[in-house]
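So that the names make sense, note that chain A is the first sequence line, chain B the second, and so on, each numbered from 1.
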2 protein chains.
Amino acid sequence: MGRVKQFKVEDALAKATDVFWHKGFEAASLSDLTEEMGIQRPSLYDTFGSKAELYRDALMAYQAGARAQLEQLLAEGATPVDSLRRFLSTAIPNSVNDRKGCFCVNASIETASHEAEIQEVLQKHFAQVQTLLARYVSAGQAAGEISLDLSPMDAAGYLLTLIHGLHVTARTTADPAILTARAECGLSALLP
Amino acid sequence: MGRVKQFKVEDALAKATDVFWHKGFEAASLSDLTEEMGIQRPSLYDTFGSKAELYRDALMAYQAGARAQLEQLLAEGATPVDSLRRFLSTAIPNSVNDRKGCFCVNASIETASHEAEIQEVLQKHFAQVQTLLARYVSAGQAAGEISLDLSPMDAAGYLLTLIHGLHVTARTTADPAILTARAECGLSALLP
DNA sequence: ACTATAATATACCGAAGAGTACAGAAAAGT
DNA sequence: ACTTTTCTGTACTCTTCGGTATATTATAGT
């Protein structure tokens, strides 16, 4: 009973994700959000509660999508090391205008220190990605492609830190060749 | 002739740096700034021009200080590799409440993509730090401590990316031991 | 068709945002 | 001492912020 929603919640959330992703929390105004989402202000509050909650939901939606994409991307690698190399490559912008970076890195810098809940959301996501990567590290070790010096989880954590660094570097370094070289250098730490 | 300034410009700038450093550009209001700087609003505009210019000045002041500190820190290392290890350690918070991270990393994420001038300021600073690090890489290579596979500048650039990643990771990872392990793993990429 | 219910749209709220006009206060030159 | 110049402090501007009250519209069950 009652009137039905004139918009798809997940579509609106996806649009909100885009806005927060490349403007950040503070710089994204409600007008920016409602305009991009194509809904009115009260609809936003009725559906998502507040700007802060919308931000959290948007971040979580982004993370879920990123993990799904990552799983697929890793599976496509010819070898475990190739999979990990592909992972690192996702931090390298191929066109000039996909300079949004990684929403999780942005959130880590802008909001993690102030907002405990966001910090938790990020920690959980990173832990899941780490576990995902660790499987490939482990497979690489079994195949003799990767050194046995580190545990798979430690190596995976290191790769996470490395890709974070690539995302930061990409903000001021346009040349993909430089970024690729740095990724390759970082990856070499895992080779036997 | 005329009235003399009631405050020291560099002191006020240092205070402004603190505010921007741990709040970011958007989240730092003029009230935050003037209160912390201990000056009135018109004095701020008269001396620094605008919030954006103050931000740029604050960032540059931070960079100059950071480079001076870095130069000293690197010189204190027992060996070139030890110096580089100390460099990476600066990204690891020793107390619970120095979670401001690195102003340059914050600026890279929050403002570099929107503001061309800030991007330039960051690029120049990072280039200088890279050059500084490259000297120690070179010395390490001469001493046989560091692999000859990479050019000093490439290796230095990689270290820069690595420390960026450490700064991001530190936002959601409290344990210094984990960060140290990741730094060590990253550093191992340069060893022979 | 009627009614209860839920979503929409318009218009608004007080608060806080960045930036400034203007008058008073202090220092330097004469 | 007086004038000129520069800085300071109060109070203001206009705009935009996040969030909401209210009235209207559309749907589902009866």
Salt bridge (charged side-chain N to carboxylate O under 4.0 Å, His left out) pairs, two or more places apart, involving residues 117-144 of chain B = B/Arg56-B/Glu117
List in chain and number order the residues that pass side chain to side chain donor-acceptor pair (under 3.5 Å) with A/Ser29, two or more places apart in sequence or in another chain; answer none if no residue qualifies.
-> A/Asp32
Nucleotide C/dA11, atom P - distance to CD of A/Gln40 in whole Å = 11 Å
For A/Leu148, which fellow cluster members are found when Ile, Leu, Val, Met, Phe, Trp and Tyr are connected by side-chain heavy-atom distances below 4.5 angstrom, either directly or through intermediates?
-> none
List the atom pairs, donor and acceptor, that lie under 3.5 Å between side-chain atoms in residues 125-133 of chain B and the rest of the protein, sequence neighbours left out.
from	atom 1	to	atom 2	distance (Å)
B/His125	ND1	B/Arg67	NH1	2.9
B/Gln128	OE1	B/Arg67	NE	3.3
B/Gln130	NE2	B/Met153	O	2.8
B/Thr131	OG1	B/Ala127	O	2.9

Out of B/Glu36, B/Arg41, B/Met37, B/Glu35, which one pairs with B/Ile39 under the side chain to side chain contact (heavy atoms under 4.5 Å, CB included) rule?
-> B/Met37
Tell me, which pairs form a salt bridge (charged side-chain N to carboxylate O under 4.0 Å, His left out) where one or both residues lie in residues 141-155 of chain B, sequence neighbours left out?
-> none
Results of side chain to side chain donor-acceptor pair (under 3.5 Å) for B/Thr180 - residues two or more places apart only = none
Nucleotides 20-29 of chain C: protein proximity per nucleotide (B base, S sugar-phosphate only, - neither; heavy atom, under 4.0 Å) | BB--BBBBS-
What residues form a ring pair (Phe, Tyr, Trp, His ring centres under 6.0 Å) with B/Tyr55, not counting sequence neighbours?
-> B/Phe20, B/Phe25, B/Phe103
Residues in ring pair (Phe, Tyr, Trp, His ring centres under 6.0 Å) contact with B/Tyr136, at least two apart in sequence or another chain = none
Apart from B/Val105 itself, its cluster of hydrophobic side chains linked below 4.5 Å comprises A/Val105, A/Ile109, A/Val168, B/Ile109, B/Val168
So the contacted stretch of DNA chain D, first to last nucleotide with an atom under 4.0 Å from a non-hydrogen atom of chain B, runs from D/dT5 to D/dT10
Residues of residues 11-32 of chain A with a heavy atom under 4.0 Å from any atom of DNA chain C, listed by number, are none
From CD of B/Glu35 across to C1' of C/dA16 the rounded distance in Å is 14 Å
Calculate the interatomic distance between B/Tyr55 atom OH and C/dA18 atom P; express it in whole Å.
-> 14 Å
